[in-house]
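Just so we're on the same page: letters track the sequence lines, and every chain starts at 1. Because the structure is a prediction, the values reported are computed rather than measured.
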Protein chains: 2
Amino acid sequence: MDLSAIDPNSTPGFSGKKADGQAVLAAEATELSELQERLFASSREGAPERVLLILQAMDTAGKGGIVRHVVGAVDPQGIEHHAFKAPSDEEKSHDFLWRIEKQLTGAGIIGVFDRSHYEDVLVHRVKSLSPSEEITRRYAAIKDFERGLVAEGTRVIKVMLHISKEEQGARLLERLERPDKYWKYNPGDLEDRALWDQFQEAYQIAIRQTDLNDAPWYVVPANKKWYARVAVQRLLINALKDINPTWPPADFDVEEEKKRLAAS
Amino acid sequence: MDLSAIDPNSTPGFSGKKADGQAVLAAEATELSELQERLFASSREGAPERVLLILQAMDTAGKGGIVRHVVGAVDPQGIEHHAFKAPSDEEKSHDFLWRIEKQLTGAGIIGVFDRSHYEDVLVHRVKSLSPSEEITRRYAAIKDFERGLVAEGTRVIKVMLHISKEEQGARLLERLERPDKYWKYNPGDLEDRALWDQFQEAYQIAIRQTDLNDAPWYVVPANKKWYARVAVQRLLINALKDINPTWPPADFDVEEEKKRLAAS
């Protein structure tokens, strides 16, 4: 995996244009929603499977849009979304995975992490918030942690939304030109932008270090928002199809219950 | 408020038919979503407001459909949904509001309670799970609790979805006739159905006892699912319009940031 060789403008696996992508997104929203309902139903009868979508990206890459436009198609009952901000003092006093574990979802649920434990090897590396040997330890800890998630029935989908520095510049400028977007802008964003190359390197290393057969990384070109949404929707649908949840059989005598109901 | 005088088949305030209702639901989904985004944005700059939608109803009345079809229009980032099941032993060892308080949302969020602290005066009354003096104490405790929520900036919307016993019978039968609905059926549902009149009485009393100016009850006729959805959507939109959240102003120098960005 060579991040610099992946064109953020590309649309791998999809030959259509924006309108085609939007049509796919709308059409497959129903399939995603139905698959999730089956997942939820099967969990009620003890099926252990769940999905964890981890979204990582540079600012403005479109994590929020994925949540709104892809995850938003699913029944809110079946979603648990958590955005990880800078850790609190209490969180800092624990191992970096402590606050992550608290947000893991139960069976039948699609969990969505907007940022994650990967911040602890990305920003921590770029800004030297932890010593390099600790960063190295964390790659291994993350792999152990994610293998444990997989073992308990979690499909772990790790997505890096990959934009170009030019595209980020255009999106930040839009936030400065639209008063309804000011709230999304933070002057500190430019400090991270100044470290663009270092962040790309940190992503490159983290992805290589933590790419697991059972919990692979997907680098999704994201200069075209519509494409990134279609791609992540497809990842979710494929994970759910792979689980192939089935409607639980009746654990009661259907005909007997019909009689009881008729008499009620 | 006389529950028995409210026709579950009626559609108060709405003169259209099903297709009209569905069109309204689709058209206003965008408004609801936009208002919620503004609420979320304003909270980032310190606005304290949030919304708490409490859904109570007999089985099959359509709580789940409200969540999927009304709340589902909103960005998942702005929703926290919690379904209260029968309390655990730990929860039972605390005051009945203990587990409720843990699920209260922060500013900017629409919280949705599928069942709530009202179970502790409804099923507890009908099945004598608590002594009557304790139930009486709870009505007062609930009012104090909800006044506290209102004081901290919460719009509390309490909805009883009101169906007829006949409609419940038809919906339970559907669950017994469709294998993809078996998982929603529980033989215990018929025990509650046998106590229909007692539950109606318990609702009647609870609603009268806890109807507050700042946290009123809405009895929503729900034999027509489309109507109940339109009505609850309207309640949410009205609450958000009443808050009237505004886009936060820039807390930075916009022109200066444009220069910094151009130089980056």
Exercise. Within residues 242-250 of chain A, which positions have a heavy-atom distance to chain B below 4.5 Å?
Worked result: Trp247(A), Pro248(A), Pro249(A), Ala250(A)
For this session: Can you see which heavy atom on Gly72(B) is nearest to which on Pro76(A), and at what distance?
Result: CA-CG, 3.6 Å
Problem set entry | Positions in residues 168-181 of chain A that reach chain B, provided some heavy atom is under 4.5 Å away | Gly169(A), Leu172(A), Leu173(A), Leu176(A), Glu177(A), Pro179(A), Asp180(A)
Exercise. At what distance, to the nearest 0.5 angstrom, does CD1 of Ile79(B) lie from CD of Glu80(A)?
Worked result: 14.0 Å
For this session: Select, from Arg44(A), Lys165(A), Gln77(A), the one with the greatest count of heavy-atom pairs under 4.5 Å involving chain B.
Result: Gln77(A)
For this session: Please list, in residue-number order, every residue in residues 251-264 of chain A that has a heavy atom less than 4.5 Å from any heavy atom of chain B; write 'none' if there are none.
Result: Phe252(A), Val254(A), Glu257(A), Lys258(A), Arg260(A), Leu261(A), Ser264(A)
Exercise. Which residues in residues 24-34 of chain A have any heavy atom lying under 4.5 Å from a heavy atom of chain B?
Worked result: Ser33(A)
Seminar exercise, completed: So, the part of Ala83(B) with a heavy atom under 4.5 Å from chain A: the answer is neither
Problem set entry | Residue among Glu45(B), His81(B), His82(B) with most heavy-atom pairs under 4.5 Å to chain A | His81(B)
For this session: Tell me, for Ala41(A) versus chain B, whether the close heavy atoms (under 4.5 Å) come from the side chain, the backbone, both or neither.
Result: both
